[in-house]
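Just so you know, these numbers come straight off a predicted model, no measurement behind them. In each ligand, atom 1 is the first atom listed, and ligand 1 is the first ligand listed.
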Amino acid sequence: MSRHNILVLPGDGIGPEVAREAEKVLAALSSEGFGEFEIERGLVGGAAFDGEGAPVSDATVRLAGAADAVLFGAVGGPRWDGVPYDKRPEAGLLRLRQDLGLFANLRPALCYPALAEASSLKREVVDGLDLLIVRELTGGVYFGEPKEIVTLESGERRAVDTQLYTESEIERIARVAFDLARKRRGHVASAEKRNVMKTGVLWNQTVARVHRDEFADVALEHVLADNCAMQLVRRPKQYDVIVTDNLFGDILSDVAAQLTGSLGMLPSASLGAVDPATGRRRSLYEPVHGSAPDIAGQGLANPLAMIGSLAMALRYSLDLPDAADRLDRAVSSVLAEGLRTRDIAAPGANAVGTAEMGDAVVRAFRAG
Ligand code: IPM
Ligand code: MG
């Protein structure tokens, strides 16, 4: 039987609550014969700062690099507002992304028919939506140097962040997007700001070249990132795959999330390059929602983004596509039955808690 070594990093806020539900699904996967899942747990974010003095320890980074997949909850919260910038909870996540080389962030936004009413947009605009944002995750303004606040001679302070991309960084994320588009509807929209940014010019030219040389069978459209944001709320179903840089991808994926009804629904996969020797790739799976400190510890959080992230791990890291399909079906059927956590419930309707939603998915999966 196949063995899978999973590192669970619950993190802060609602992270531990939603991670617990993913672990229930892992137990169900074992008992349904999909293999043995060995679970290790570690600290990340504010929890790691409190417990180990850093938002992620070297030992945890090593464990993450060796795991078949990392399941990541969420990090951050007002409790750590005062900690030094390089020790803030988010720095733990950014270090994991960078040290593991997780350059490709896949954020699918799917609007379940049962949830079209939960979106703040009209049903006909979002019903049946199925798009994928491919966000570059280890470059751009998140990591470019210099990144600092300096005091000028006048005494005034000046802040600088650096947006920086090389051609090879753009090529490899473009290839991921085109490859995925081939397995979908064959359409890529590449979003940048070539009208004001040099990185946008290079992004545009490089994506166009990779398209021409390697993926001419896929349809490619170039769109300015601000226009893309507008189109996403105007007519989101025009998109299949959107490929974009780290910062635009962060913003556009929050917009895409809300189209589907709730940030609580959006999973993500962060993938490294495939190692030609082993065929393995490093990977981390996390819900797009954050730590939601306002509802943390109350059992109200929606675990479906975390469970959807586990489904992506089954597909992209553990080679268990049948289990992934079955888990995706379990989530659809639970939603079709009418189960809702508070974030996706109609105003005034009854909502279930985190554990109840997780239990319902496990039940549907076992029945499945
Ligand atoms: C995300 C988050 C992170 C990001 C934060 C927590 C650093 O917003 O994954 O979208 O900006 O990438
Ligand atoms: Mg974000």
Side-chain angles (χ1 to χ4, degrees), residues 9-16 18-19 43-49 54-56 61 64 70-81 83-109 131-144 147 161-165 169 173 191 225 228-229 232 242-260 262-272 283-294 296 301-302 305-306 308-309 312-313 343:
L9 301 176
D12 309 321
I14 61 171
V18 296
L43 298 177
V44 74
F49 177 76
V56 68
V61 174
V70 178
L71 293 183
F72 185 100
V75 290
R79 223 179 110 189
W80 299 283
D81 277 351
V83 310
Y85 185 78
D86 61 331
K87 294 231 156 101
R88 72 202 190 285
E90 291 78 6
L93 174 59
L94 296 180
R95 177 170 172 206
L96 281 166
R97 288 174 179 171
Q98 194 171 42
D99 285 11
L100 302 185
L102 307 175
F103 69 92
N105 185 217
L106 279 40
R107 299 190 160 187
L131 67 81
L132 174 66
I133 296 189
V134 177
R135 168 187 177 194
E136 200 291 324
L137 201 62
T138 49
V141 76
Y142 274 61
F143 297 102
K147 189 178 197 60
D161 291 289
T162 304
Q163 164 89 344
L164 192 152
Y165 272 109
E169 284 177 301
I173 193 71
C228 185
L232 270 176
I242 297 174
V243 63
T244 191
D245 76 15
N246 204 344
L247 182 61
F248 295 144
D250 180 44
I251 296 166
L252 295 176
S253 61
D254 262 35
V255 177
Q258 180 55 31
L259 300 175
T260 71
S262 166
L263 204 48
M265 294 298 299
L266 220 69
S268 87
S270 303
L271 307 175
S283 59
L284 179 147
Y285 297 85
E286 60 172 313
V288 172
H289 63 66
S291 57
D294 53 319
N302 183 348
M306 183 80 248
S309 301
M312 293 186 85
D343 55 311

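- Taking all atoms of both residues into account, the shortest heavy-atom contact from T138 to F103 is OG1-CB, 3.3 Å.
- Between E136 and T244 the shortest side-chain heavy-atom distance does not fall below 4.5 Å.
- The two residues P55 and A48 make their nearest non-hydrogen contact at O-CB, 3.5 Å.
- The minimum heavy-atom distance between A305 and S309, with the atom names listed, is O-OG, 2.7 Å.
- Scanning both residues, S253 and L266, for their nearest heavy atoms gives O-CD2, 3.7 Å.
- The two residues I173 and V134 come nearest to each other via the heavy atoms CD1-CG1, 3.6 Å.
- Counting heavy atoms from C-beta on, the side chains of D161 and F143 never come closer than 4.5 Å.
- Contact between Y165 and N246 at its shortest, heavy atoms only, is OH-N, 3.1 Å.
- For the Mg ion (ligand 2), the neighbouring protein N/O/S atoms at less than 2.8 Å, given as residue and atom, are D250 OD1.
- A distance limit of 4.0 angstrom between heavy atoms and ligand 1 selects the residues E90, R97, R107, R135, Y142, D250.
- Side chain of S268 to backbone of E286: a donor-acceptor contact under 3.5 angstrom is found.
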